[in-house]
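The structure under discussion appears below in the form of structure tokens.
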Amino acid sequence: MEMQPAMKTNGTHQPGHCEISRRDFLKLSATAGGAALLGSIPFVRQVLAKGGEEYSYLLSLPENQIYTACLQCNTGCPIKVKLVEGVAAKIDGNPYSPWTMMPHIAYSTPIADAAIIEGAICPKGQSGLQTVYDPYRIVSVLKRKPGSARGAGQWITVPFDQAIEEIVDGGDLFGEGIVPGLKESYALTDSELAKEMAAEAKKIVDESDPGKKSSLVAGFKRSFSTHLDTLIDPDHPDLGPKNNQVAFVWGRLKDGRSHFIKRWINSGFGSINAHGHTTVCQGSLYFTGKAMSEKYIDGKWSGGDKFYWQGDVQNSEFVIFVGASPFEGNYGPPYRARGITNNQVDHGMKMVVVDPRFSKTAAKAWKWLPIKPGTEAALALGLMRWIFDNQRYDAGYLAAANKAAATSKGGPTWTEASWLVKLDEHGAPGKFLRASEIGLREKESRPLSTDAEKTYEFDYFVSLVDGEPVPVDPYAEDPSLAVDGDLFVDRVRLGDFTVKSGLQIIADSAREHSLEEWAEICGLNPKDLEEVALEFTRHGKKAVADIHRGVSQHTNGFYNVLSWYTLNALIGNYDWKGGLSKLSTYKADGSPKGQPFNINKTDGTQAPYGTSIIRHGEKYDKSTLFLRDGYPAKRNWYPLSSDIYQEIVPSIGDAYPYAIKAMFLYMGSPAYSLPAGNTNIPILSDPKRLPLLIAIDAFIGETSMYADYIFPDTMFLERWEFGGSHPSIPFKVQPVRNPAIAPLVPEVTVYGQNTPMSLEAVLLGLAEALDLKGFGPAGFGEYGGLTHPDDLYLKMVADLAYGEKEDGSDAVPDADEEEMRIFVEGRRNLPKAVFDLDRWQRNAGTLWPKVVTVLNRGGRFEAFEKGYLEEKLGHPYGTLLNIYQEKTYDTKSAMTGEHLTAYAKYFPGPYSVTGEILNDEKDGFDLRMITYREITQTKSRTASNYWLLAVQPENFVLINAADANSRGLENDDRVKIISPTNLEGAWDLGNGNKIPMVGKIKTTQGIRPGVIAFSLGFGHWSYGGVPVEINGMTVPGDDRRVKGIHANAAMRVDPYLGNTCLVDPVGGSAVFYDTQVRLERVS
Amino acid sequence: MNIKRFLYGLAGLALLIGAWGLYDRFVFGHANTNYGSYVVWGLWVAMYLFFAGVAAGSFMISTLDFLFRIPIFKGTGRIALWTALVSLAAGLTSIGLDLGHMERIWKVFLEGNPSSVMFQMVWGYTLFGLLMLICLFLAIRMPESRLLRVLMGIGLVLSLFVSGAVGALLGVQAARPFWHVGLFPVQFPVFSLASGTAVMLSVLAFFGPKGDPNRRQQFWVLGILSVALVLVKLYFIWADYSVSIYGNVPQNVNAVREVLFGPYWWAFWILQLLIGSLIPVVVLSQKKLVQRPMLIGWMGVCLLIGYAVARGLIIFPALTIPEIENLANAFGGPHLTFEYFPSLVEWAVTIGTIGMATMGVLVGGDFLPLYLQSHKKGKV
Amino acid sequence: MKKRKTEDLSRRDFLKITGAAVSFLGALELAPEKVLASADTSLETRPLKFDVSPEDDQILRMQSDLRRALAKPVEERRWVMVIDLRKCLGCHACTIACVVENKLPPGVVYRPVIIEELGTYPNVAMRFLPRPCMQCDEPPCVPVCPVNATYKDENGVVVIDYDQCIGCRYCVTACPYGARTFDFGDLYTDETAESEGIIFGKPSASAYERSASYEYGETRQRNDHTSSPIGNVRKCHFCLHRLKEGMLPACTTTCIGRATYFGDANDQDSLVADLIASPNVMRLKEELGTQPRVYYLT
Ligand SMILES: Nc1nc2c(c(=O)[nH]1)N[C@H]1C(S)=C(S)[C@@H](COP(=O)(O)OP(=O)(O)OC[C@H]3O[C@@H](n4cnc5c(=O)[nH]c(N)nc54)[C@H](O)[C@@H]3O)O[C@H]1N2
Ligand SMILES: Nc1nc2c(c(=O)[nH]1)N[C@H]1C(S)=C(S)[C@@H](COP(=O)(O)OP(=O)(O)OC[C@H]3O[C@@H](n4cnc5c(=O)[nH]c(N)nc54)[C@H](O)[C@@H]3O)O[C@H]1N2
Ligand code: SF4
Ligand code: SF4
Ligand code: SF4
Ligand code: SF4
Ligand code: SF4
Ligand SMILES: [Mo]
């Protein structure tokens, strides 16, 4: 193929083309601390100066395409960005990836040939240009104007270096008194000492006897008497060092950047407080998944994966979507919709949608079941009841008590269905029976998995086989050890114990109500339940219930999820084509043997320790705070989950378990995205409770508007990330987000290198100022320095290119000369701070030609054929599936001190964190409010996408026409949403600024009566939609960006916590769908 | 107050407002207009139809003098011709500004598509305009020439053709059932004659030579003609609307409903019916009242307002009905709405064109020998 | 590559029978030649360099069908679009892809997706109807154009010559499908803040929407309020500029429901030929006799 004449091949950019006025230029360089001029502008002008030249369709040339990954939503579809002289002109799907084309094209396809092939992406993906080329992007460091309050919208620009210095050193930064700098919290810097302290603190926590615990604390204080000033509270050494008083909080984060952040905050700064947003997202989906995947290792349940399952629906014959929206949200429409529609129309797949709202998916469904919100577990149990009563479960699968038994049946997974569980005096199930307890088999000494020199005592589990107890080793592979246990064992006496089988316990739970009663609880028709249950059990492994946020984000979320996953287990569809699937990604961090760069390696740095501000992964009854406070704890503890977003700011507000001095907020907006996110605002606004708040944000967002400093960031077309995958995708993949356009932000100098102002620049700048280990010229130890983002990212790509086989046998092929040429030419418009061939090559080392192969394709994607092994998935979960969870049982509520329930069960809700049932209906809050996604919007990235706003300029308050009628409401009437914890129906933004929560009515037949819904992504109150003052000049807002309603502030506040939304106390979910509201008409 | 001076002032003001409209139109193109891709044709097209109708109508009236030589209309021919020319100019201005690329209008002449009614109309009006110029020349220089009569004869046919073409422009559109009715093209010549009559009522009443012995007669005849034409017009409307409603084509029913009870119900009931029809009919059918020139003049204006509104109400309703249900909700944006009310710029330009026409009539009257000899230089 | 656009037969006939034709004919002969890539019959295409099997993604299959079609003489191809309403999920990806591909300004849309809710709770249905230009074989929009700016080209696609169009919008009123919209010269960033240097700002941010579109194989930028295609009527053109590259229309490749099909109906082996032979095929407002080239499966 020939190069078109119109294309410039040698063009690094020409600042000479820049038409920006001299005055602007000076202003800009002054404010940006002498940084280089906005990289893009020259190209931009250049493009506009062109035209009228001889025609050539530049978008179809490989030299004008860069493959990267979308981030308009978290699906992260691989894309190709088509460039005209460096300006992104069009975005399309990357056909090498299964996200956008199925089967995806062979990885070996030369990119020159792929240049005219494109996959499908959703409308948000198509609109990506408007997110990046958003006029309201910030391009200099903004500092809260001294003398103005947080959130007042008054800013000054400061040079990058000055901002870094102020944050590190502290001082009277805002004319309101001394602000502690990071230096002050960087107290414990001796990594050896930290290790010793951590070990002693662990001993304190592990000790259960209160008396001994106290004396261990005293001992601790003696041993470290000269270092007590490094501790937050010497009386509670388990809280950890002062370093923990700096927190790094993020919303949307992907690998690469996550490695950068954790390297900085954990091993660099030594703080335990690095928390993401999982629980606002689909928390209990992940943490039920974790509980279900806990492994019995070294005599303990551990190693559960924070993950979840989705249906391989493109191959299913029958699918139940519960609280999942594959056509409008989810992970994600480009991947899932194609599979569903083709399967449905071409292969007759049948679909049921369980959703109070008639979603677009419901529009294609065989049945729409408009369930009462919060009764999802009841529906699952109702279906299970029918399945038990009619013996439609897969008995063979469930009988398999261990790996050997499962393998003999071809099933990759097995469960505890037949394992025996001990009952307490009230008949309540507790722990599993062990063989030694009934003298069935003695404990065995087995080597530790972590240290083969040491041993532990392995005690067999027990199943009945034809009524006789048999020892069970869950992971035994020897066919002679296969155990196929009896499924239903009801109150059998064995030795001193009364036992039930796991499945019996579940069946009993399902039989708490009749099918009719279950249907009644859900507000559904029993006939539908029967039909669905029958259909679900008619397709072998090719039926699946696929669940998402509508199931997990309830106060009973954990048990909703567990119930639905248990239902799936009844037909044993895990790891089967058309059944449940888990994600599979190529590692890119050097952890597999053979990969050249172990980027997790942090020689000489410090392992953080202590209790996190959100108290995750630890048991309250083990902490020294329990000795002090007893039950209930001041706030809940979350031993089974992590990244509990809604806990972060309120815990800072309550200084529980300790105060935080500085918080970094990266690409998250808790005030906007959390239920009752308004409760975060007074805390974030208060320098006394949070002395320093630093945001890294591309805009002045709904939460970053409260920050003391906002650092601009590179956006998704300008930066690196390793996007990972989703459970619905059975192929092993790893998309690589890599710079496709020149950053619009200026460059800064850190460690003597130019790099675009960005998250990485901030982290490097702070590391340089604090002299953190793990960064700088020797930061990477044997691999050299970490002074530029490329030092990390290129190494990761090299790892990825190498593959996961130690001998390198699954490395990608080298790029040939032509691919090399296209690679380099494709990046001709990237500035040197971003693309420096030498620097890239140096970092990748000998793997460079392979790195080019990967980057040319925007990541690594395994061949289609590898996704499936005949009727099974190519990358199975393949192990024990905990449908009865001993570890969960063994965990006590920090509120009540009671054991948690270990199996699928319906808990009527909603309830408070202490378990008090809420009944706001009786107080006149007559409508249940839910929320959902439109395909055109995400939270804080698409409000600027004017193309999408043309399709839908604002959202509505959806209400059933009958409900509207009875309230005298009509389309376009404006109503205010009032809830028990927001009687004013307004967002209180502080500084006397309140915005009423008012939306337009849209009547529909497509929603359950008694339920109203609003969609996500509208009702912004910052984000370029309102005027702000910068350097004394007013930047006018564009009110197209703040249309519609965002009713999160109406979502119910937990009555015990007072400053936090309702929560799922087990799975940690922030609760979105359990608020009763009423509507008030406004004129 | 001297009506003429008053009108001079008004027209001057209107031209100023129009100048601002023109400025905006030339700098910002069509960006600040309110017609769009659904209501494609707005006020300017309506005004074009209106002015074109007035032009054809006034020409028809001028034939009473030059072709049919009806005694009582003797001496009215020139001003009628002039009024027709001025109206045509105003109409062409209006439609010209409405074009996306008026600089390409020559293409209609050199690269046109004769089968397009639009083409036929442009050609027709161009010929018509040229013919009127010649006629006016002849009427002033050789009022008695045979050629004038021949040309007036041709012109009469042409005027029927062009005003019919306007009707056909809309009527041939199968996509718009509201326009796609059999009698549609036929209505337009009648409308033209009606508006020509009305404008002549005003012109003669306001500026006609006071001493003309035929004056009263003229008023009476033109008045009665107007009354008759109004009634015919009302009959057409009634027929259209009732056929639309009985035909029960949803698009048409909606269109009619839109006119009668939509957001601009007042335009129909108050402007078109009350002011544009009822009052003039009552006044003009009373011989006593017809003797008062000022009143007659203003009745002419009322009628014109009614006809102008009628033009609008023919165009917009058909366009405010989506071709496909819910189309407007599928993709929004400026100019993508089925609701229409003219923008400031549109009003400004329209006021300008009206000012231009008025000014034309005034200036022509003052500087050309348009009225009867004895009054050529007279100030009325 | 410069080619005269062909006149459609009806016009030629008309000229023959009209007495006054002579002068028009003369004028037409003098008309400046137009360069319209759409009229390029020798659509040279870049090859798809691998085999496509029936199990492949529809997008690939259609692209290989496309290649076959492009190898044939233009008059033997019959481009059609098929939209399977059972697969369309109303996602609007096609709408936006088209807007971005063709750099459509505010108010201009070639392919809206119309959504309708039907029924009563709990028996509800929703219908999604994507509406590109139907590329009618008897297009009511064509004969009304006073300057022949819009016509059916050799590809059977109803195109608009932006340099010929006077912007009278007569064709808009003539189209029964609402498929034509007028370019008023707006920009999406029009209402945003300038504040360049403080924030990114409008002047630079608007570059992506002012830079050239490739419609009809021409590059046209939007730097004022008056240059074509501003002031012109615009419509879907089956992405002729992409077909030429061997690429499917933008709405087709980005259809996440795989509801949109494109190809040569004259090719018996093509996917579209298969689809339009199904019994559940229909066309919009067929009763008007417009003979749309867009088929819907229901
Ligand atoms: N009503 C309602 N609320 C919801 C949901 C719902 O369904 N309904 N869904 C919830 C779910 S699932 C989630 S995951 C959460 C997500 O909530 P969060 O994780 O808090 O994410 P966002 O609200 O998207 O916040 C994004 C922030 O990042 C900024 N930003 C955008 N792009 C960039 C960038 O490139 N770099 C940097 N540094 N910053 C950037 C934005 O300006 C904004 O301030 O929202 C939840 N909130
Ligand atoms: N367009 C778009 N897509 C996205 C995102 C986005 O922001 N925009 N974000 C991505 C992210 S971060 C996430 S977490 C996923 C989330 O993906 P999903 O969870 O699939 O999407 P949602 O729309 O949040 O919720 C799913 C469905 O639950 C329904 N629902 C609401 N309340 C209830 C209830 O009480 N019970 C039941 N059964 N259903 C209920 C809603 O009507 C909705 O149809 O989407 C991802 N994809
Ligand atoms: S689903 Fe759409 S917005 Fe989300 S990553 Fe994919 S293309 Fe981008
Ligand atoms: S759909 Fe409309 S614009 Fe397209 S060819 Fe048919 S009539 Fe013309
Ligand atoms: S708007 Fe253009 S294409 Fe349409 S009829 Fe007028 S001149 Fe022809
Ligand atoms: S074929 Fe091209 S122009 Fe037509 S709707 Fe599709 S993308 Fe738009
Ligand atoms: S892209 Fe496909 S599925 Fe989506 S609206 Fe368009 S035609 Fe329908
Ligand atoms: Mo999420």
Side-chain angles (χ1 to χ4, degrees), chain B residues 26-33 35-38 40-41 45 95 98-123 169-170 172-177 179 315 318-319 322-337, chain C residues 10-11 14-15 18 20-21 24 27-28 30-32 92 95 106-109 112-116 129 131 140 143-149 163-170 172-186 190 224-226 228 230-233 284-285 288-289:
Chain B
F26 281 113
V27 175
F28 297 106
H30 294 255
N32 298 327
T33 58
Y35 45 80
S37 288
Y38 298 145
V40 241
W41 286 337
V45 175
I95 195 69
D98 186 76
L99 292 180
H101 286 279
M102 66 181 142
E103 77 282 3
R104 297 184 190 152
I105 189 68
W106 59 269
K107 287 179 186 277
V108 185
F109 301 105
L110 299 184
E111 299 172 7
N113 167 18
S115 59
S116 161
V117 181
M118 174 90 68
F119 169 99
Q120 295 160 7
M121 199 186 61
V122 173
W123 276 80
L169 186 73
L170 308 179
V172 294
Q173 305 239 24
R176 309 278 170 178
W179 295 337
I315 295 189
L319 296 172
E323 293 89 340
I324 299 179
E325 193 112 29
N326 270 337
L327 182 58
N329 296 331
F331 194 89
H335 309 288
L336 283 184
T337 147
Chain C
S10 61
R11 201 184 77 219
F14 179 84
L15 293 178
T18 312
F24 300 144
L28 281 169
L30 292 173
H92 304 282
T95 312
V108 177
V109 60
V113 178
I114 298 152
I115 300 186
E116 231 179 330
L129 181 82
R131 199 252 35 228
V144 301
C145 178
V147 290
N148 297 311
D163 296 322
Q164 179 74 3
C165 167
I166 61 172
C168 68
R169 311 193 291 290
Y170 193 15
V172 182
T173 67
C175 169
Y177 303 96
R180 290 173 169 251
T181 48
F182 185 73
D183 189 334
F184 282 83
D186 296 312
D190 272 346
D224 58 28
H225 285 280
T226 45
S228 286
I230 295 167
N232 293 122
V233 162
L284 286 186
K285 299 194 181 183
L288 295 179

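These figures come from a predicted structure and were not determined experimentally. Below, read A as the first sequence line, B as the second, and so on, with proteins coming before strands; counting in each chain starts at 1.
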At a heavy-atom distance under 4.5 Å, which candidate from [options] has the highest pair count against chain C?
| options | result |
| --- | --- |
| B/Ala330, B/Gly333, B/Gly332 | B/Ala330 |
| B/Leu170, B/Ile324, B/Ile105 | B/Ile324 |
| B/Ala318, B/Gly36, B/Gly29 | B/Gly36 |

In Å and rounded to the nearest 0.5 Å, what is the [atom1] to [atom2] distance from [X] to [Y]?
| X | Y | atom1 | atom2 | value |
| --- | --- | --- | --- | --- |
| B/Arg176 | C/Cys175 | CZ | SG | 8.0 Å |
| C/Ile166 | B/Asp98 | CD1 | CG | 10.0 Å |
| B/Arg104 | C/Asp163 | CZ | CG | 5.5 Å |
| C/Thr226 | B/Met102 | OG1 | CE | 10.0 Å |
| B/Tyr38 | C/Thr173 | OH | OG1 | 15.0 Å |

(message) Let's test your reading of the structure: which of C/Ala174, C/Ala179, C/Pro140, C/Gly289 forms the most heavy-atom pairs below 4.5 Å with chain B?
(response)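 Heavy-atom pair counts peak at C/Ala174.
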(request) Select, from C/Asn232, C/Val233, C/Leu284, the one with the greatest count of heavy-atom pairs under 4.5 Å involving chain B. (result)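 The candidate making the most pairs under 4.5 Å is C/Asn232.
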(request) Would you indicate whether the side-chain heavy atoms of C/Ile115 and B/Asn329 approach each other to under 4.5 Å? (result) no
(request) Evaluate the side-chain proximity of B/Phe28 to C/Phe184: yes if any heavy-atom separation is below 4.5 Å, no if none is. (result) no
Identify which part of [X] has an atom lying under 4.5 Å from any heavy atom of chain C, answering side chain, backbone, both or neither.
| X | result |
| --- | --- |
| B/Leu319 | side chain |
| B/Val172 | side chain |
| B/Glu103 | neither |

(message) For a quick test of reading the model, state the closest non-hydrogen atom pair linking B/Met118 to C/Val144 and the distance between them.
(response)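 Looking at all heavy atoms of both residues, the shortest contact is CB-O, 4.2 Å.
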(message) If I compare all heavy atoms of B/His101 with all of C/Gly231, which pair ends up nearest, and what's the gap?
(response)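 Looking at all heavy atoms of both residues, the shortest contact is CD2-O, 3.3 Å.
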(request) Would you check, one step at a time, whether the test side chain to side chain contact (heavy atoms under 4.5 Å, CB included) holds for B/Glu323 with C/Tyr177? (result) CA-CA 6 Å; B/Glu323 293 89 340; C/Tyr177 303 96; 5.9 Å; no
Counting only heavy atoms closer than 4.5 Å, note whether [X] contacts chain B via side chain, backbone, both or neither.
| X | result |
| --- | --- |
| C/Ile114 | both |
| C/Thr95 | side chain |
| C/Val108 | backbone |
| C/Val172 | both |

For [X] and [Y], indicate whether the former's side chain and the latter's backbone hold a donor-acceptor pair under 3.5 Å.
| X | Y | result |
| --- | --- | --- |
| C/Tyr170 | B/Leu169 | yes |
| B/Trp41 | C/Cys168 | yes |
| B/Asn113 | C/Asn148 | no |
| C/Arg169 | B/Ser37 | no |

(request) In sequence, state the C-alpha distance, the side-chain angles, and the governing distance for C/Arg131 and B/Leu327, and then conclude on side chain to side chain contact (heavy atoms under 4.5 Å, CB included). (result) CA-CA 9 Å; C/Arg131 199 252 35 228; B/Leu327 182 58; 3.8 Å; yes
(request) Kindly say whether the aromatic ring centers of B/His335 and C/Phe182 come within a distance under 6.0 Å. (result) no
(request) Name all residues meeting the side-chain contact (heavy atoms from CB on, under 4.5 Å) criterion together with B/Pro334; count only those two or more places apart in sequence or in a different chain, and write none if there are none. (result)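 B/Pro334 satisfies side-chain contact (heavy atoms from CB on, under 4.5 Å) with C/Pro106, C/Asp186 only.
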